[in-house]
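Heads up: the structure comes next, in structure tokens.
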Amino acid sequence: MDRLAVFFALLIAAYFGFQFWLLYRTRNQQGRPAPELSDLLDPALLAKPRLVFYFWSPACPMCGQVTRVIDSLLESRDDIVKINAMEQPELARRFRVMGTPTLLTVSDGRIQRILVGAKSEKAIRELVG
């Protein structure tokens, strides 16, 4: 029985270790220059002073909650870019997106804020502004 307990303890430690690593990596990206996107996105869109990128995936169970909020915001805003990470993996790779859902704000050519995972509607609306 001791081996089973050790196995589960290591599994739980690995899970939380990955979560902390992901949080560290995400925070490390904030303030860094945004990748060059002129070959993948419309130049008129890139001319906006501030953009919000929403990376989602149809296979992601947590994306549904965030997508509902983003879709309601898309009706009134034109500075949100909704990206299916499975259909545009190059764009996700350039932003170093490790998981979905991910929200990034880019202004003045720099990544300002990043939210990873399912968040409350209040947190999403606060990020989008």
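Quick caveat, the model's predicted, so the values are computed rather than measured. As a basis for the values below, the full set of heavy atoms in this structure was taken, side chains included, without hydrogen atoms, waters or symmetry mates.
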So does V52 get a backbone contact from the side chain of T105, meaning a donor-acceptor N/O pair under 3.5 Å? no

Answer yes or no: is there a side-chain heavy-atom contact under 4.5 Å between I83 and W56? no

Could you see if I111 belongs to whatever hydrophobic cluster contains L91? Use Ile, Leu, Val, Met, Phe, Trp, Tyr and a side-chain cutoff under 4.5 Å. yes

Non-hydrogen atoms of V66 and G117 that approach each other most closely: CG2-O, 4.4 Å

Closest approach of I124 to K119 (non-hydrogen atoms, all atoms of both residues): CD1-O, 3.7 Å

Specify the closest pair of heavy atoms between K48 and D78, including all atoms of both residues, with the distance to one decimal. NZ-OD2, 3.1 Å

May I ask you to check whether over 12 heavy atoms, not counting those of R96, lie within 6.0 Å of atom CZ? no

Output yes when R110 and D108 qualify as a salt bridge under the 4.0 Å nitrogen-oxygen rule, no when they do not. no

Is there a side-chain contact between L103 and I70 (heavy atoms, below 4.5 Å)? yes

First locate atom CD of E121, then atom OG of S72, and finally report the distance between them rounded to the nearest 0.5 Å. 6.0 Å

Sub-3.5 Å donor-acceptor pair from the side chain of R68 to the main-chain atoms of C63, do we have one? no

Exercise answer: donor-acceptor pairs, residues 34-47 side-chain atoms, under 3.5 Å, sequence neighbours excluded:
{"residue": "E36", "atom": "OE2", "partner": "S38", "partner atom": "N", "Å": "3.2"}
{"residue": "E36", "atom": "OE2", "partner": "S38", "partner atom": "OG", "Å": "2.5"}
{"residue": "D39", "atom": "OD1", "partner": "R94", "partner atom": "NH1", "Å": "2.8"}
{"residue": "D39", "atom": "OD2", "partner": "R94", "partner atom": "NH2", "Å": "2.8"}

Backbone N or O of F55 within a donor-acceptor pair of the Q88 side chain at under 3.5 Å? no

Any side-chain donor paired with an acceptor under 3.5 Å for Y54 and T102? no

Minimum heavy-atom separation for G129 to R77, with atom names? O-NH1, 2.8 Å

Joint cluster assignment, I80 & L127, ILVMFWY side-chain distance < 4.5 Å: yes

Rounded to the nearest 0.5 Å, what separates atom CG in L74 from atom OG1 in T67? 9.5 Å

L104 and V69: same hydrophobic cluster, using ILVMFWY side-chain contacts below 4.5 Å? no

Can you give the donor-acceptor pairs under 3.5 Å from side chains of residues 10-22 to other protein atoms, not counting sequence neighbours?
none

How long is the span from the CZ atom in R32 to the CD1 atom in I114, to the nearest 0.5 Å? 10.0 Å

Is it true that atom CE of M86 has more than 12 heavy atoms of other residues, nucleotides or ligands lying nearer than 6.0 Å? no

Should K122 and E126 count as an ion pair when the cut-off is N to O under 4.0 Å? no

Shortest non-hydrogen separation from S57 to N84 and the atoms involved: CA-OD1, 4.2 Å

Quick one: does any side-chain atom of Q112 pair with a main-chain N or O of V106 as donor and acceptor, under 3.5 Å? no

